[in-house]
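For reference, the structure is listed below as structure tokens.
All values derive from a computational prediction rather than experimental measurement. Heavy atoms only: backbone and side chains are in, while hydrogens, waters and symmetry mates are out. In what follows, chains are A, B, ... by sequence order, proteins preceding strands, each numbered from 1.
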Protein chains: 2
Amino acid sequence: MTSPADAADPTAPTSPMTGPGPDPATGPNPMTDSRPDPLDTALRLVRAQTAVVKRFDSSLSGLHGVSLSDFTLLLHLAQAPGGRMRRVDLAEALGLTASGVTRGLAPLERIGLVTREAAARDARVAYAALTPTGRERLAEMLHTARQVAAEHFAPEQWSAEGLTQLSALLTRLGGTAPEHRHIPRP
Amino acid sequence: MTSPADAADPTAPTSPMTGPGPDPATGPNPMTDSRPDPLDTALRLVRAQTAVVKRFDSSLSGLHGVSLSDFTLLLHLAQAPGGRMRRVDLAEALGLTASGVTRGLAPLERIGLVTREAAARDARVAYAALTPTGRERLAEMLHTARQVAAEHFAPEQWSAEGLTQLSALLTRLGGTAPEHRHIPRP
DNA sequence: GCCACCTCCTTGACTGCTCAAGTATATGCA
DNA sequence: TGCATATACTTGAGCAGTCAAGGAGGTGGC
């Protein structure tokens, strides 16, 4: 009754998901063997982001009813001149399409954190602008986000140098971020 | 007819999205001023991932009709013993929920890249297993993915050391990746 | 043997996003 | 001035994922 296929059925995790694994000195690696695998790095980036986002989403949604992407959107508005941006610019900053921005703004407009403003010189344009309420709420979210980030990159595990390196490397990969240190505490 | 608000309406991008910006020596930074901002780094990670995923999705969908997440799922199966994994293990490896895995597997099962296998010792378990076709297609996808990754981390811009550092830092952030160098070329 | 509790997986409902199509408006050249 | 082309935005449809609920099955203590 025990087929050979199930002889290996451990019910334990079947995915030893560790680092580089056995180094195949004669493997089909198209790169020089002394160079780290770029695909491996890319996949790690994606997986790391999933873990990080999950953590921020959990805290921000619980305390503020918003997701990390909501928060990031608001943060971009806060650092823009006049607290407002054209939607097309917001899309580029966030790495979304225009319709993605429209969809993302809808709930924020509904709860009064963001409002729509027309542009006097271009009738096609609709600005997304932070409301005073939006600013207040954002300051509170920012406080939480800073805490989560601080825990994530705890000084006992992350040196200033390591953090600096990571930040620089991510920037080189297209990792832009809105300036937010001018935003006062709630 | 020109309101003061629109005097600043440049129609040009209103989001100077550059690096660290002006260093606020007396800013409300809760960290020590000599330490990079962890929140900044986290936001850069998320944004960098968006850019990277976009690029992989574009190439993989155009040439192979799959997304990066499809590809990653298949890759995990390929490096598992017997080319199969329990769905709950796959969910953990990918950072998804169980239902996310169910949804992700559906189209792959439909096109014959993945099949379902029962476990002899546990009736609750349904394995996700690579089909022979799935293996062949995966090898082709892998070829493309390696190329995209190689372009993304071009040696002229990325030293082996920089890549090694990034890989290590991402690993520390929870960035796991399936071993794939044992998979032969198509 | 019984049962409380846990595990695995699926499904309905919903959210967040892209693509494609469409409308309104702006731009530049003949 | 007229018009081809481009830009900004929205909306319908569809995909990818989460949450909650539920059904089936497994485990361990009494």
Tell me whether A/Glu179 contacts the main-chain N or O of A/Arg181 through its side chain, where contact means a donor paired with an acceptor under 3.5 Å.
yes
Is it the case that the side chain of B/Gln157 and the backbone of B/Ala154 share a donor-acceptor pair, with hydrogens and angles ignored and the cut-off at 3.5 Å?
no
Rounded to whole angstrom units, what separation is found between the CZ atom of B/Arg84 and the C1' atom of C/dC9?
16 Å
Only pairs under 3.5 Å count here: list side-chain donor-acceptor contacts from residues 93-104 of chain B, not counting sequence neighbours, and write none if there are none.
from     : atom 1 : to       : atom 2 : distance (Å)
B/Thr97  : OG1    : B/Ser99  : OG     : 3.3
B/Thr97  : OG1    : B/Gly100 : N      : 3.1
B/Thr102 : OG1    : B/Ala98  : O      : 3.3

Find the distance B/Glu92:CD to C/dC9:P and express it as a whole number of Å.
12 Å
With a 3.5 Å distance limit and no angle check, can you tell me whether B/Thr131 reaches the backbone of B/Leu113 through a side-chain donor-acceptor pair?
yes
A/Arg110 CZ to C/dG16 C1': how many Å, rounded?
12 Å
Assess whether side-chain hydrogen bond (donor to acceptor under 3.5 Å, both in side chains) is satisfied between B/His180 and A/Asp40, documenting all intermediate values.
CA-CA 8 Å; B/His180 60 84; A/Asp40 181 76; 5.1 Å; no
Look only at the side chain of B/Ser58 and the backbone of B/Lys54, and say whether a donor-acceptor pair between them is shorter than 3.5 Å.
no
Between P on C/dT15 and CG on A/Leu105, what's the gap in Å once rounded to a whole number?
16 Å
Roughly, in whole Å, what's the span from CZ in B/Arg121 to C1' in C/dC8?
18 Å
Does a donor on one side chain sit under 3.5 Å from an acceptor on the other, for B/Arg44 and A/Thr171?
yes
Side chain A/Thr72, main chain A/Leu68, donor-acceptor under 3.5 Å:
yes
Give the B/S/- string for nucleotides 9-19 of chain D, one per nucleotide from 5' to 3', where a protein heavy atom under 4.0 Å of the base yields B, of only the sugar-phosphate yields S, and otherwise -.
SBBBB---SBB
Measure the angle between the two terminal helix axes of the helix from C/dG1-D/dC30 to C/dA30-D/dT1, five base pairs each, and quote it to 10°.
20°
